[in-house]
Amino acid sequence: MRNLKYEFSRVGRQLLDAFYSGRALVAHRHLGAHFSDEDGVQGVRFTLYAPYAVKIAVVGDFNGWNDNSHIMTKIDNLGMYSVFVPGATQGQLYKYRIWQAGGAVCDKADPYAQMGQRRPYNSSVIMEVDPSAFTDGEWMKNRSRCFEKPLNIYEVHLGAWCRKPGSTTERSWHSYDEIAGRLADYALENGFTHVEFMPLTEHPFDGSWGYHVSGMFAATSRYGSPQQLIQMIDILHNKGIGVILDFVMVHFVRDSFGLGRFDGTPLYEYPLDFMANSEWDSYNYDFYKGHVQSFLLSAAHFWLSTYHIDGLRIDAVSNIIYWQGQQERGVNQGAVTFMRRFNDELHAVFPQVMMIAEDSSSYYNVTSRYADHWHLGFDYKWDMGWMNDTLKYFALDPFFRRGSHEKMTFSMDYYSTENYLLPFSHDESSHGKKSILGKMWGDTKQKFAQCRALYVYMFTHPGKKLNFMGNEFAQLDEWKITEEIHWYELQNDYNGRFSYFFREMSQIYRWYPSLWEMDYNGVGFEWIDRTDDYNNIFAYIRRGGGQETVIVLNLSTNPQYQYILGLPHQGTIREIMCSDAKGYGGEGLTANGPQEISPYPHGAMPCSVTVQIAPLSGHVFVLEEKKKRKKGDV
């Protein structure tokens with residue numbers, strides 16, 4: 001057991017200097033509640049930063065919530081307080097009672113607590129998470145950032161993925177470890193490489209989906225204990241599934257027990273109201289303050305080290321780049337500088353961890369695999385423009401798609417400028433926006449046909465992939481947090497067949513390096529035809545791993561029985577996916593087996609072949625070059 005009193009006296013100045021200057025990566029090892037053996041007495045040392053507090057007491061189960069029992073001592077002149085509580089034990093509840101600047105007395109949860117009381121209560125829980133139960137050494141040794149590997153992410157809200165039958169209350173939630181095996185097997189079956197969890201940090205209101213965080217170091221107790229969360233991640237890792245966490249570092253809850261006006265002053269938020277108040281009825285972190293920088297860096301380090309998280313998806317990055325997320329207000333230079341350092345410092349410690357930006361801005365060089373003074377240091381950026389353009393196109397009557405052809409071609413002009421990730425996230429299946437299927441034009445049959453074509457397009461477009469739960473079986477209605485995704489729809493013929501199609505398309509994506517190895521290299525993509533707006537047809541080639549894959553999308557209602565397709569060389573073309581196959585719910589207008597490519601030019605290509613293309617469909621072909629004859633061949 002550590003002796004924190006000794007640690008503070010031995011290297012206290014160095015620790016505190018790093019904390020105040022925003023350079024502390026492991027502030028969580030010293031601040032908060034930690035077991036300590038001091039002068040032969042075992043207990044818990046509590047350490048808190050609250051520079052403008054008049055007085056602070058630790059109150060909790062160990063002292064009957066009496067604020068005279070354990071008054072904290074100021075250990076430096078900058079506002080760090082500490083006290084040792086003999087006999088305090090794991091699992092006991094506590095808070096800090098703060099006599100604030102201005103005269104108010106307020107009970108606050110511990111900013112560094114590693115566990116919180118299950119809502120609707122909000123005390124902190126004495127807990128030091130022990131990661132020694134992990135058995136995922138092989139996974140941790142071999143994981144990567146997947147630049148030249150397949151990356152197919154399944155976004156999940158843990159409380160609404162599946163629930164126990166017979167109840168709509170919180171008792172229907174599965175615990176972390178209960179859900180782990182089923183989730184891992186399902187992700188594997190559907191071709192996903194990673195699961196991305198919507199925020200698992202503690203939050204008081206279910207309806208915030210986890211984005212109004214109250215405990216940056218505390219795994220939400222809704223689904224069990226930290227050790228149960230470790231079991232879930234360990235199971236996912238041992239079955240070959242990576243884990244990404246939605247990490248909310250822009251804003252925090254206003255609740256009185258939280259960080260807001262913590263010591264009577266805007267300690268964590270900006271000092272001026274128009275800067276401090278966010279568009280989500282929460283407070284914005286002040287990225288210019290050293291202790292806030294240390295707090296956020298340490299929170300990220302804690303999740304990556306303690307819970308073996310493989311990637312962080314940073315929410316609302318445009319609100320970091322620009323003041324209040326509005327470009328016209330200008331770049332928030334201090335926040336941008338910190339974001340760059342945040343990514344660089346975490347990558348230095350965790351070189352195989354992915355940092356992903358949910359960013360809708362046009363800010364230059366959000367991602368970079370190379371040293372660059374101006375980049376923000378992310379590995380991936382969500383391509384929100386691709387998502388919006390694509391879904392708008394698929395919502396159009398095919399007759400009017402002719403005038404919007406560029407919505408499908410534009411993304412190919414910029415795909416290699418950033419490391420893009422293509423997202424169909426929870427934001428596109430909620431708040432009255434309809435489900436992905438619901439956005440498609442036409443009747444039920446046409447919607448499913450187009451949804452299949454949409455996913456052929458997504459899985460063959462340059463960039464990594466992300467889908468929200470329910471997309472994989474084309475859930476009819478949009479997602480609601482109060483219920484599980486509509487598993488019963490798999491009994492419907494259309495949904496069941498779509499689920500089969502999605503699994504097949506996901507596996508094709510994973511099996512063929514041409515679809516992922518050169519996602520961000522101009523050599524990995526070539527147009528065959530981007531100008532056939534009259535027929536609503538798009539044709540292109542993906543390259544990688546010594547393979548060439550040809551994709552043809554027919555997004556009109558007209559079949560093409562003798563479509564001439566230009567190709568770069570002679571050889572053989574063989575269809576490996578047709579979204580119109582009867583097994584997927586289509587009419588079965590597939591290509592007629594392998595075909596020899598003729599030496600007759602078509603368009604800009606020197607060779608060609610004639611194929612049949614189903615309406616509202618996507619076709620994927622493998623292109624095999626004709627082997628040259630060697631001397632002696634018969």
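All heavy atoms count here, side chains included; hydrogens, waters and symmetry mates do not.
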Practice prompt. Flag the pair F525 / Y540 as yes when their ring centroid distance falls below 6.0 Å, and as no otherwise.
Written response: yes
Worksheet item: Do the ring centers of Y563 and H619 come within less than 6.0 Å of each other?
Response: no
Item to complete: Classify the ring geometry between Y414 and Y420 as parallel (under 30°), tilted (30 to 60°) or perpendicular (over 60°).
Response: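 Ring orientation, 0 to 90° scale: perpendicular.
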Practice prompt. Take atom NZ of K433 as the centre, draw a 6.0 Å sphere, and report whether it contains more than 12 heavy atoms from other residues, nucleotides or ligands.
Written response: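 Yes, NZ of K433 has more than 12 neighbouring heavy atoms, counting only those of other groups under 6.0 Å.
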Worksheet item: Rounded to the nearest 0.5 Å, how far apart are CD of Q570 and CD of E596?
Response: 8.5 Å
Fill in: Sole residue of D136, D234, D185 in salt bridge (Lys or Arg N to Asp or Glu O under 4.0 Å) with K239
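Checked D136, D234, D185 against K239; only one passes salt bridge (Lys or Arg N to Asp or Glu O under 4.0 Å): D185.
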Any donor-acceptor N or O pair under 3.5 Å, side chains [X], [Y]:
X: E624; Y: T572; result: no
X: E279; Y: N319; result: yes
X: S435; Y: S429; result: no
X: D383; Y: Y415; result: no

Practice prompt. Return the set of residues passing side chain to side chain contact (heavy atoms under 4.5 Å, CB included) with F400 (not counting sequence neighbours), or none when no residue passes.
Written response: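 Side chain to side chain contact (heavy atoms under 4.5 Å, CB included) list for F400, sorted by chain: D397.
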Worksheet entry | Qualifying residues under side chain to side chain contact (heavy atoms under 4.5 Å, CB included), relative to K392, sequence neighbours excluded |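 With neighbours one apart ignored, the set is K407.
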Practice prompt. Go through the steps for D529 and H602 under the test side-chain hydrogen bond (donor to acceptor under 3.5 Å, both in side chains), then give the verdict.
Written response: CA-CA 10 Å; D529 193 344; H602 182 75; 5.6 Å; no
Discussion item. Given Y455, which partner from the list F502, F448, F473, F394 fulfils the ring pair (Phe, Tyr, Trp, His ring centres under 6.0 Å) test?
Written reply: F502
